[in-house]
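Here's the structure we're looking at; comments come further down.
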Amino acid sequence: MGRKRDQFWDYAEQRLDGRFKCNFCHGDFPGGATRIKAHLTRVSGHDIVACVAVPQEVQKEARATQETNKKLKCASSSSSAKESSASSSNIMDSSASSSAKESSASSSNIMDSSASSSAKESSASNIVTQGKEEYIVEIFLDDIVDRLVANVFSLTTEHTEHSKNKELKNLLYTLCKIHVMLYDAQKRQVSDESVRIWLTKLKDVVDEVDYVLDKFSYDTFLKYQMMNQVPSFSLCNFDEVKTVKHALDNIVNEVDGLGLKIVNSNPKISLDNIDSSLDDSEVIGREYHVLKSWDLLDDDDVFLKLKSRFDGLTISSLKRCFAYCAIFPKDYEIRKDELIQLWMAEGFLEPSKESMVMEDIGNKYFKILLDKSFLQNGKRDEYGNIISYRMHDSVHDFVLLISKSKNSGIFSHVRSLFVGFDGQTTPRISFKGDCFTKLCTLSLENADFGGRLLLVFKSLRVLKLYGYKKIELPESIDVLIHLRLLHITGINHLPNSITKLYNLQTLRIEGFLMELPKDLSNLINLRHICIDEIKKAPKNLGRLTCLQTLPIFVVGRDEGYRIKELGALKNLRGEIKISNLEKVEDEEEAKSAKLKEKEMFKLGLHWTSSIRAADSYDKDEKVLEGLQPHPNLKSLTIERYEGKKFPSWWVGLSLYQNLIEIYLNGCTECEEVPTLGHLPYLRVLEIIGMEKVRSIGSEIYSYNDGSYRNTTTLFPALRMLKLVEMIALREWKDAGEVLVFPCLEKLTISYCNELRDLPDSLHSCASLQKLVVWECPELRYWPGVQCVGSTSIQHSHPSLQKLKLCESAHSLLGQIQYFITLKILWIQRFFEIEALPECLGCLSSLQKLYIVDCNHLVHLPTEEAMRRLTQLKTLIIYDCPNLEDNERSKIDHIPFVDIQDSGWPDCSDFEG
């Protein structure tokens, strides 16, 4: 049941975005009934604004109600939380929570530093009694203090100078004292206002300590790691360290009287033991039933259920990661990799005693949030990897609530800011003064990011610039020394000064970029380079030993650009396209990339099409031999390889059982196709431009010894097969008695000018849905059909729905009556044909018929045959100039007919 409506709503207008409008002063404020009472009592303070027009009798009524509530709360034995005078409010602009964006004015989304904090586990009574309106945003700092302790400890080992070392050790001691009191303080904050106030003060100081230590660590890095680039000034005066240490001491001194228990070791939850058996396939889809039930509940009931699940998250950094999702608008598609990189940039995933790297911790967190149904509608890529999610509206409302601000309207506490406008108007928020000194995340759409703004946002950890406007970064970008993530859409050139952003972890560039800055190898903390295309790789990439993501590597011949740079990148994983492989000298150099040791699921190996030496086939074979990939490979592309045979590691591909896609493009010198039939998960196979292959036979199906090694099914999972530009291919043989292609859905055979026969095994392919035959003039028969007019065949390919024929033998048209399930037929460039065959009328399921560029076509099938096509709804005839006008009477029963003398019909039925 929902709560009874509070009487004080009679004095205010309730809005849907969690705000109210006072009926007396007409002011607009965040909050619910409790805040209305505070507003009407005219007790200002924190983020409560006193009403200047409230009648005296209403003010007395509100004050009396508040006094009564206080007495009841003090007398009550329940653990219901008392609303603090510093209670939180949500200043996140409602326009940012909507997917729709104002086009005539800017829209902004503001989230305060408490969005980086979140709630710890409450007692069961708090879960029950703490309602939506009374919810107090809890503050949790143990993971932040853990990180600061580790950071200071590291600095003490690097700074041997006595005075600094002593001061750092004192700071470490103070942090450790705070650490042992945090566990009890965080448990008591909801029920004890004095503890909460202490935590609020502590949080502000901890944020400042984090900022100062980040500057100090940057200076230390320059001094000890980049000795040749030490600036003539220091970014952090050591007095700042002393100042924050003094502030922490004052916080510790205030703890007297709070009665906090000393807990030497906060309970730690090992991620290795959390949801280790969680299976994504079981979770995806299950959340639909959970979230659907939420739609049927009262708002307060939904809140309590979500609060219970949120409190069940036993790791405070995980709670902070979930609260951070409030930055996204409703129904936003959240990309998994991007969100984990944002968490990482904000410092939520710092490994402590865990053996996992930050990205693995982020993946664990993502799985847990999915299991708790905080995320839904998971999408996978073609390799089965989870790539994105959305958040249910009720969950989004909840995450906004738990991340709301305690300092409404005070920009100095804002941590994340999102501004979007149409590129012609000016943002409503003025970037002046010291208002945004603590801003960590800034996202600007269609905004100019000039040098004048850089000093305003001196604490930035995340910067995203996107929109349709061309973006230019100023050279002074290097002042953003705290920056961890830089995401830009639509930039042609990056200034070399970004190579001084030594804390940068993620560089995301969307759109074409000629080249990356030449000194990018200075960014030794860089973990992810996400780019769409690039012409030249930066020098000495091998120095980036933390790098995990590098989608493109362009090989060069000069030192620092060779393929051996990849060898030093031991953490590289995911996907990579390696181009200009003709610049690799031999097998040993190829082996220096150490691809076999890198867990890549997608690998592209590309040679260029430039003129090559006559004996390049021998060199290419040796290079490909040295590029053996990791056994977990799922997608392999080889392009413009000029070897005559495939490497030894390919023979049988016994190690590569996980392969899902294989693309062989422009391998013009290969004389036979490799053995592929036994791969259990292969779904896509494209062979293009193998100009010297004359026959497809046993070599593609079986092992070198001609056996199938107890295999009863070949190509058991293949869905799509393309054979294109195999100009010497004459025959395609059957595999024998074994079952072949049981799952094949799409078959394309194009520009195989010499191909005469297809294997009869295709005749029994019950799953084939789309067939394209393009410019195969010697192909006379469909599989299983020996001659036109055969009486032994009643139908072929019972599942075939789409057939496209272009510039092929006329006899193929005379055999289409066997495709009785056909729904879409495309006939093109049958130049000699004057009349379409009468058997066309046998296609009783045909719904669309395209006839294109048949210059000599005069007649359609007879009217009787055309009228047997009872399901035909669309007839498109283009560029058939000799079709007689009287043929129109045969088709006047078809609902949609389009006849054009020239042009090309719009058709998406054969895409993909």
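Atom set for the values below is all heavy atoms of this structure, side chains included, hydrogens, waters and symmetry mates excluded.
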Tell me, do [X] and [Y] make a side-chain contact under 4.5 Å, heavy atoms counted?
| X | Y | value |
| --- | --- | --- |
| Asn525 | Leu504 | no |
| Tyr502 | Ile481 | no |
| Phe328 | Leu339 | yes |
| Val149 | Val145 | yes |
| Leu349 | Val357 | no |
| Ser459 | Leu439 | no |
| Val244 | Val205 | no |
| Leu182 | Leu199 | yes |

Between [Y] and [X], does any NZ, NE, NH1 or NH2 come within less than 4.0 Å of an OD or OE carboxylate oxygen?
| X | Y | result |
| --- | --- | --- |
| Glu167 | Lys245 | no |
| Asp214 | Arg484 | yes |
| Lys364 | Asp360 | no |

Backbone of [Y] reached by a side-chain donor or acceptor of [X] within 3.5 Å:
| X | Y | value |
| --- | --- | --- |
| Thr200 | Arg196 | yes |
| Asp478 | Ile498 | no |
| His482 | Asn503 | no |
| Arg527 | Gln505 | no |

What are the two closest non-hydrogen atoms of [X] and [Y], and how far apart are they?
| X | Y | result |
| --- | --- | --- |
| His396 | Pro329 | NE2-C, 3.6 Å |
| Val206 | Leu148 | CG1-CD1, 3.9 Å |
| Leu306 | Ser394 | CD1-O, 3.6 Å |
| Leu375 | Met391 | CD2-CE, 4.0 Å |
| Gly347 | Arg461 | N-NH1, 4.0 Å |
| Leu369 | Phe322 | CD2-CB, 3.9 Å |

>> The test is side chain to side chain contact (heavy atoms under 4.5 Å, CB included); show your working for Arg508 and His528 and say whether it passes.
In response: CA-CA 8 Å; Arg508 280 184 170 270; His528 303 280; over 6 Å; no
Could you state the interatomic distance from [atom1] ([X]) to [atom2] ([Y]), rounded to the nearest 0.5 Å?
| X | Y | atom1 | atom2 | result |
| --- | --- | --- | --- | --- |
| Leu401 | Phe310 | CG | CZ | 10.0 Å |
| Thr506 | Ile340 | OG1 | CD1 | 11.0 Å |
| Cys321 | Glu346 | SG | CD | 10.0 Å |
| Leu483 | Ile477 | CG | CD1 | 6.5 Å |
| Leu442 | Leu463 | CG | CG | 5.5 Å |
| Lys169 | Thr174 | NZ | OG1 | 14.5 Å |

> Are Glu208 and Tyr211 close enough, and set up right, to give a side chain to side chain contact (heavy atoms under 4.5 Å, CB included), and what steps lead you there?
Replying inline: CA-CA 5 Å; Glu208 186 63 23; Tyr211 172 73; 3.9 Å; yes
> For Lys203 and Asp207, what are the C-alpha separation, side-chain angles and deciding distance, and is it a salt bridge (Lys or Arg N to Asp or Glu O under 4.0 Å)?
Replying inline: CA-CA 6 Å; Lys203 175 171 173 37; Asp207 284 343; 3.2 Å; yes
>> Test of understanding: with salt bridge (charged side-chain N to carboxylate O under 4.0 Å, His left out), list the residues that count as partners of Lys177, not counting sequence neighbours.
In response: none
>> Classify the ring geometry of Phe374 against Phe398: parallel below 30°, tilted from 30° to 60°, perpendicular beyond 60°.
In response: parallel
> Would you call the rings of Trp343 and Phe366 parallel, tilted or perpendicular if under 30° counts as parallel and over 60° as perpendicular?
Replying inline: tilted
>> Would Val212 and Thr243 count as a side chain to side chain contact (heavy atoms under 4.5 Å, CB included) here? Give the steps.
In response: CA-CA 10 Å; Val212 170; Thr243 300; over 6 Å; no
> Could you go step by step and tell me if Arg147 and Asp210 meet the side chain to side chain contact (heavy atoms under 4.5 Å, CB included) rule?
Replying inline: CA-CA 9 Å; Arg147 174 162 51 85; Asp210 195 15; 3.1 Å; yes
>> Suppose we screen for ring pair (Phe, Tyr, Trp, His ring centres under 6.0 Å). Which residues come up paired with His487, at least two apart in sequence or across chains?
In response: none
> When you measure from the centre of the six-membered ring of Tyr466, is the NZ or CZ of Lys464 under 6.0 Å away and within 45° of the axis?
Replying inline: yes
